[in-house]
Structure formats: structure tokens, C-alpha cells
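Since the structure comes first, as C-alpha cells, the remarks are kept for the end.
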Amino acid sequence: MKGPNRINEERLFREFITLAEIDSPSLKERELADYLKNRLQGLGLTVEEDDTAAKIGGSAGNLLAHLPGDEGLAPLLFACHMDTVNPGEGVEVLFEDGVFRSKGDTVLGGDDKAGIASLLEVLEMIRENGQPHCPLEILLTVGEEHGLLGSKNFDTGKLSSKMGYVLDSTGSPGAIITAAPAQNVLYITVKGKAAHAGFEPERGVNAIRIASEAISRLRMGRIDEETTSNVGIIEGGKATNIVPDAVFIQGETRSLDRGKLDAITEEIVGEFEGIKEIPGANSVIFALLSSTRNTGLTLNRKL
Ligand SMILES: [Zn+2]
């Protein structure tokens, strides 16, 4: 018998709040993975967890769930990620004027729990209305916010779908993202030497001054139609009377083209390496979190 073919808004909202309030910052997805295993099994899916947890030092692996369907139809994949960015522990959801918010001291985790909640609601509807459907595969990954760790370690040979949707973006319903830039995040520490700025400034090496020399030479903003670059965070120094001995800089590069991404990234690294010409500037530490390379922090160079 066929039931209603509409989403149950109240059920969907309740599910979203439940998901959001199960903390799952990257690499700490265990509790959410267990909840989802149960939930999916309760909806008639078989669920297996892969061995990614051990490979990435996390508490849970990727979940792959199957819902049998009409074998005459092509199977279809839906994917979401279970982890959230930080601060993601102790999440409490407020619902006001039709908008979900966190109570302010954590993220909400709508990225990507809105996607997971939608998937669960669709599975509820399928069970309710009894309509025929294709075989479905649901992939829930871990460590996405730490550089796609879950999906990089997932064995895609386990999938039978040739096509899938990843529910993980902003925008209006109906919009589909078909290409996304690869991204590198650069963490750069420039070291100088501390000294009292009033009594013996000549003994110090001002890390802020050195870092600003390099930053002022960087190309920033839109590099070309496919490529962007930004320095977004700079921190350093302790007091006005101390020559600062370290500056910490975070920036990013993005491009639809991997070659261009690597080129602009190397250009930034090169500008910082160039500061070794400045007397006293002899230490720059780079780390790179890359969406195009296999592991997390891959670039770690010292002058
Ligand atoms: Zn996401």
C-alpha cells in the first residue's frame, strides 16, 4: 500500500536536531557512526564500516549502507560526511523563526548533518510509501574537514553505482555543483629573535617585519579565472616593548586546475623562502594541508 509521498517536516527537524547534538568533530565520529548504523539498519539497510579509522587515527571508519531495490534499475549513490569542524563539542541546537542555530559557542554542524538528515528522511519516505526504487548506496565518510581523509581512504571498488550525489554544499535546492576547486591551506611560521624593544632592539630580529616583507610581495585575490589566493590569518607578538620572535600566518590557494594550484602554492612558499636574504631571518616553517595530496600535512620545509 502506498503512503504519503511528502516529507514529514517535523520528523526531519527532529532528526536534524538529534544529529547536530551528537558531537562529531573530525576523527571523533564514533558516537555518530554508531547512531547512524542503528538508524540505517532500522530502516532496512545493511551497513558496513571500513578500516579507515585505523589508517587516519580516528575513532570511526566510513559507513557504506545498501538498500536493495529494483535490480532492473541502475543503482544510485548518495554521500555525506559525518564530521564537523571545531568547535564542535557540546552542540546545543536552538530553533527560532524557522532557523536552526547553535547556542553560540560551537558550530551548528549543519555541514553536513543537514545532508544526513535529508537522506534519513528520504529513506523514511521510501519505507512509508512503498514505491519501487533503484538500489541505493549511502556513503557516510569521516575526516572530511581534515582534508577529505575519509573519502581518500575509501575503497571505491565497493560501490556498484556509476552515479551519485554528494549532499554537501550551500545553495538553493535544485542547484548541482559539477566542479569544485582543489584547495591548499598553508600554515607558515616566521621566526625572528626576541629582545627588549626599548633597551636593546639591535639584538632582536622582528618577525612581524620579516613576514610583512614576504606578504607584501604575494599575489592575492583572483589570480586568474580558475585560481584564487588569500592570506586570512596573521598572529604574532606579545607586547609593544618586545621585538616579536614569531609570526604565524595562515593562507590558502584554490584552483580548478591542479597545475595552477601547485604553481601558486609554490610561488607563496618561494616568497617566504626569499626572506632568508633578510639579515637574521633564518627560520621559516611551512606546513601544507592539501585537498589534492594523499596525506594531511605534506609540505614541511625549513629554510
Ligand atoms: Zn561539508
Side-chain angles (χ1 to χ4, degrees), residues 12-13 15-33 35-36 39-40 49-50 52-53 56-65 76-91 93 99-102 106-123 137-154 156 159 161 163-185 228 230 232 250 252-256 261 289-296:
L12 174 62
F13 285 10
E15 184 68 56
F16 175 73
I17 293 169
T18 301
L19 293 170
E21 293 190 342
I22 300 174
D23 296 341
S24 62
S26 301
L27 309 184
K28 294 182 183 172
E29 302 92 345
R30 184 72 266 156
E31 192 185 343
L32 182 63
Y35 170 81
L36 287 168
R39 192 76 178 77
L40 290 165
E49 179 171 345
D50 74 5
T52 294
I56 67 173
S59 64
N62 300 307
L63 301 182
L64 178 61
L76 192 57
L77 167 74
F78 289 93
C80 292
H81 62 90
M82 293 188 277
D83 62 311
T84 70
V85 292
N86 279 310
E89 287 176 274
V91 176
V93 178
V99 179
F100 291 106
R101 293 191 171 85
S102 76
T106 68
V107 296
L108 175 64
D111 174 9
D112 191 18
K113 287 168 179 174
I116 301 175
S118 314
L119 274 181
L120 291 173
E121 176 57 25
V122 166
L123 294 169
E137 292 180 305
I138 310 289
L139 175 62
L140 302 172
T141 57
V142 291
E144 193 272 352
E145 304 288 4
H146 276 201
L148 308 174
L149 295 179
S151 22
K152 281 175 184 164
N153 284 284
F154 177 71
T156 51
L159 297 174
S161 302
M163 194 177 130
Y165 295 95
V166 178
L167 306 184
D168 183 23
S169 79
T170 54
S172 307
I176 295 180
I177 295 169
T178 56
Q183 181 183 12
N184 286 334
V185 179
T228 61
N230 188 50
Q250 276 185 56
E252 63 155 48
T253 52
R254 297 180 189 216
S255 184
L256 294 171
L261 179 73
L289 186 65
S290 174
S291 67
T292 60
R293 303 184 194 196
N294 273 332
T295 53

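For ligands, and for the atoms within them, numbers begin at 1 and follow the listed sequence. Because only heavy atoms are used, hydrogens play no part in the values below, and waters and symmetry mates are left out as well, while side chains stay in.
Closest heavy-atom contact between Ser26 and Gly143: CB-CA, 4.5 Å. Minimum interatomic distance between Pro25 and Gly88 (heavy atoms only, all atoms of both residues): CD-O, 3.8 Å.
Excluding waters, the set of protein N/O/S atoms under 2.8 Å from the Zn ion (ligand 1) reads His81 NE2, Asp111 OD1, Asp168 OD1, Asp168 OD2.
Taking the side chain as every heavy atom from C-beta outward, Glu15 and Glu121 never approach each other to under 4.5 Å.
Scanning for side-chain contact (heavy atoms from CB on, under 4.5 Å) contacts around Val122 gives Ile126, with sequence neighbours left out. For Asp50, the side-chain contact (heavy atoms from CB on, under 4.5 Å) partners are Thr52, Asn62, Phe154, Lys158, not counting sequence neighbours. In this structure, the side-chain contact (heavy atoms from CB on, under 4.5 Å) partners of Ile22, at least two apart in sequence or on a different chain, are Thr18, Glu31, Leu32, Tyr35.
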